[in-house]
Amino acid sequence: MSTDRYPFREIEAKWQRIWEERQQFHAVEDASRPKFYCLEMFPYPSGRIHMGHVRVYAIGDLLARYKWMRGFNVLHPMGWDAFGLPAENAAIENGVHPAIWTYENIDYMRSQLKKLGISYDWGRELATCDPSYYKWEQLIFIKMLERGLAYRRRSTVNWCPSCQTVLANEQVEAGRCWRCDSEVTPREIEGWFFKITAYADELLAWCDRLTGWPERVITMQRNWIGRSEGAEFDLAVAGRSDLAIRVFTTRPDTVFGMTYAVLAPEHPLVDRLLTDDAERRAVTEFRGEVARESEIERLAADRPKRGLRLRAKVVNPFSRAEIPLFLADYVLMGYGTGAIMAVPGEDQRDWDFARQHGLPIIETVKRPDGWVGEAYAGDGVKINSGFLDDLSVTEAKRKAIDWIVERGIGVAKVNYRLRDWGISRQRYWGAPIPVLYCERDGMVPEAEENLPVVLPRDVQLSGKGGSPLAEVASFVNATCPTCGGKARRETDTMDTFVESSWYFLRYASPRYERGMFERSAAEYWMPVDQYIGGIEHAVLHLLYARFYTKVLRDLGMVKVDEPFTALLSQGMVIKDGAKMSKSKGNVVDPDDLIHTFGADTARLFSLFAAPPEKDLDWNDHGVEGASRFLNRVWRFVFTHLDTLKAGAVPPTPSTDEGRVFRRTIHETIKRVTEDIERDFHFNTAISAVMELVNATYAFESVSADRMAGAERAALLREAVEVVILLLGPIAPHVTEELWAALGHAASLFEQPWPTPDAGALTRKDVTLVVQVDGKVRSRLQVDIDATEEHIQRLALADDKVQPWVRARAVERVVVVANRLVNIVTRA
RNA sequence: GCGAGAGUGGCGAAAUUGGCAGACGCGCUGGACUUAGGAUCCAGUGGGCCCAAAGCCCUUGGGGGUUCAACUCCCCCCUCUCGCACCA
């Protein structure tokens with residue numbers, strides 16, 4: 001391990017202290033300057049920060065400091081997503097109250113973030129478990145309740161047996177709990193929902209306009225919302241004028257191919273269709289079999305489909321044919337109407353089922369020539385379809401819907417995969433849902449003046465057996481705000497994703513006491529210009545926050561339609577081919593890293609090792625390399641300090657060497673700026689600075705006796721200052737120190753970002769590559785304004801080119817300005 | 001199955017969007033300085049032919065194609081990662 005390192009510990013502590021004393025990153029609304037709201041997803045206070053945090057915050061800080069130097073009024077806040085199950089679990093295990101556990105973790109993690117030297121406005125810090133925060137969430141809940149955007153209903157929900165709580169659909173991954181990985185089971189329960197489906201269309205439509213978002217996140221959201229257009233209509237039950245079965249289809253053009261229909265096993269109409277006890281028993285048994293299939297089993301799409309034929313038949317409204325009716329496990333009660341028309345000719349699932357049960361298959365779309373396969377889902381001409389024959393699929397869909405509507409048996413219909421957001425959690429450490437149940441008035445919201453409904457402190461946490469709040473008599477027994485009589489409080493708490501759906505708004509005025517946020521401040525800062533966080537929130541937090549923002553907009557509270565203009569999804573930090581985790585033993589602790597190498601090195605390596613959206617492969621040797629580079633910059637400044645301090649304003653160099661070096665300096669400015677602005681290519685921005693440092697060392701060693709001392713000193717100074725400025729947002733402590741060492745009194749971050757000097761970038765001549773038949777044979781130095789004919793002549797006459805063209809006929813010569821010449825020959 | 005993305009040296013990665021493949025860094029090899037160095041500096045480092053150099057040939061998952069020119073565009077195939085998963 002190296003011993004010769006610059007004194008990063010003193011320097012980092014020193015500048016962190018100075019920034020804090022100067023309140024350098026304190027943000028104030030200022031209409032005269034363009035604003036830039038830079039936000040990294042706030043952390044859950046789990047105990048300690050990990051390398052993934054270091055990576056996100058290094059990215060965010062780079063952008064924030066860069067924008068500062070570009071003259072923006074930057075808001076860069078930090079807070080804590082402080083409610084959640086781990087605090088409660090820790091409490092059960094260790095007997096510490098969740099509040100104490102949470103606040104201790106916050107204190108420790110805050111100190112870690114401060115040691116990283118991130119440019120946060122700590123004056124805006126917030127924690128979502130503070131009643132002064134969740135008070136406003138409760139107020140909005142009541143407003144949502146008034147508008148029917150929050151409602152209570154009994155339904156089958158995802159139950160995590162280990163977390164002992166309900167989960168939203170978005171929080172179930174492949175049938176397992178997103179947090180603890182337990183298998184989720186269905187459970188019929190009463191709970192609260194947010195009506196996110198009311199915004200399905202708008203959430204989807206805006207996907208096209210979120211041009212600053214990564215395509216893959218947009219795609220995931222689109223798929224999650226899952227819009228499908230089609231029709232809904234009734235199937236008459238043969239011989240039963242009192243009953244009809246409503247089905248949904250995206251392919252109304254295929255109704256003539258419907259050879260049977262299917263109900264979900266738990267469909268409410270089933271019981272009314274049964275003819276006798278034998279059939280009733282068969283259905284009960286069938287339902288039992290389906291229920292025993294675990295969620296995981298259900299995920300295997302290729303397993304055989306289970307079905308039970310009922311005695312009742314239905315009528316195909318187009319062909320008037322009586323067709324069989326089934327219960328089958330491949331039809332889900334939760335989507336559409338819980339019943340389908342089956343079209344084996346054009347749907348593979350129906351095809352599979354039809355073959356298993358020996359049902360007829362009618363093709364209603366002409367197959368393309370040479371097509372081999374089973375169900376055909378493609379485009380084509382309609383056949384075997386009565387009045388739809390010879391139409392295209394698209395035309396037939398339209399005509400079929402018209403037909404259905406005219407006869408009053410159905411309507412055109414759009415369905416979404418998106419479900420309403422279940423927000424009830426049967427746990428303690430969350431924001432109380434502000435409603436009461438009164439013996440006289442029923443369910444009533446808490447009065448606004450009684451908010452916040454504070455989470456009681458004294459509670460028994462066992463981790464099982466329902467909501468812990470139900471056991472706290474002083475909480476449960478309350479007064480009805482309407483009649484003043486006895487009422488019982490709701491004991492469910494809100495999903496913690498509710499808090500994170502609006503924290504970015506609270507940062508605009510975090511101490512505001514008269515509302516969720518101060519309108520003028522929110523209008524000034526919103527939307528977030530750059531949001532940065534992990535891909536794991538592609539459809540969780542990011543969808544909820546979009547929804548909540550639209551709700552607040554419709555409540556007249558904010559003006560923006562969308563919360564985040566641009567999104568950067570950074571990759572994971574992995575080591576030895578796997579995500580860092582305690583069980584794998586491949587964890588790098590940020591504390592150790594900062595102690596051994598310093599925050600600047602940790603940040604530099606995080607930004608250099610990979611572009612931000614890719615996974616970052618942690619490499620201890622690579623960290624040493626980053627440290628080595630900062631030392632190299634440090635050493636250059638201090639070994640040449642006298643020369644550098646003597647350097648005056650850079651002149652137009654009088655020598656070629658000087659001109660080339662100065663061009664390198666200014667090209668570096670251009671490259672680094674473009675890399676940051678255009679694509680967040682921080683890794684190549686850093687490599688460009690490394691190249692400039694290498695060039696500076698080289699220039700220093702060769703220029704001493706070849707040029708006037710003053711000119712040399714000026715050029716070296718310009719180079720070093722550019723290196724420091726460009727590196728500032730990446731490694732802020734060491735660069736502040738070097739900047740001061742060069743005699744500057746003001747902070748580096750009050751300097752404007754450098755701009756390339758157009759004069760320094762111009763070149764007199766250029767090196768062209770000369771190819772013969774696409775192979776590089778020579779190089780040519782020509783004047784920048786040389787004519788094409790001149791270049792051709794030079795290229796053909798070139799010594800190294802001659803042997804390749806002598807025996808062959810030159811067919812043509814391609815000249816690409818400033819790049820290359822390609823001589824094309826024929827044998 | 002559907003959707004998205006990726007495949008380049010020993011490793012992390014670059015390539016101005018069709019124009020010198022492998023910048024920068026790690027690792028490795030050799031040298032310098034040094035009591036010593038795992039510090040620092042200098043040089044080399046895709047593969048092959050060659051004692052060596054000059055030089056030549058090959059090389060971006062595989063196969064075709066378009067083009068003066070392909071990591072980049074088009075078609076087919078293979079592999080991997082991620083997301084959704086019987087959504088009618």
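First the proteins, then the strands, lettered A, B, ... as listed; each starts at 1.
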Please tell me if A:R417 has a side-chain N or O lying less than 4.0 Å from either OP1 or OP2 of B:A85.
yes

Find the distance A:F629:CZ to B:A39:P and express it as a whole number of Å.
18 Å

Could you run through nucleotides 15-27 of chain B and give me one letter per nucleotide, 5' to 3': B if any protein heavy atom sits under 4.0 Å from the base, S if only the sugar-phosphate is that close, - if neither?
-B--BB--BBSSS

Parallel, tilted or perpendicular: rings of A:F353 and A:Y330 (30°, 60°)
tilted

So which heavy atom on A:G378 is nearest to which on A:V393, and how close?
O-CG2, 4.2 Å

Find the runs of at least 3 consecutive base pairs, i with j, i+1 with j-1 and so on, that include RNA chain B, using Watson-Crick or G-U wobble geometry with both distances under 3.5 Å.
B:1-7 with B:78-84, B:10-12 with B:24-26, B:27-32 with B:40-45, B:46-49 with B:55-58, B:61-65 with B:73-77

According to side-chain hydrogen bond (donor to acceptor under 3.5 Å, both in side chains), who are the partners of A:K413, at least two apart in sequence or on a separate chain?
A:E232

Residues at least two apart in sequence or cross-chain that pass ring-ring contact (aromatic ring centres under 6.0 Å, His included) with A:W178, listed by chain then number, are A:F497

For B:C68, does OP1 or OP2 lie under 4.0 Å from any side-chain N or O of A:R812?
yes

Hey, does the side chain of A:R222 come within less than 4.0 Å of B:A4's phosphate (OP1/OP2), counting only N and O?
no

With sequence neighbours left out, write down each residue that passes side-chain contact (heavy atoms from CB on, under 4.5 Å) with A:V776, or none if nothing qualifies.
A:V769, A:Q771, A:R779

A:K800: partners by side-chain contact (heavy atoms from CB on, under 4.5 Å), with sequence neighbours left out:
A:S778, A:D798

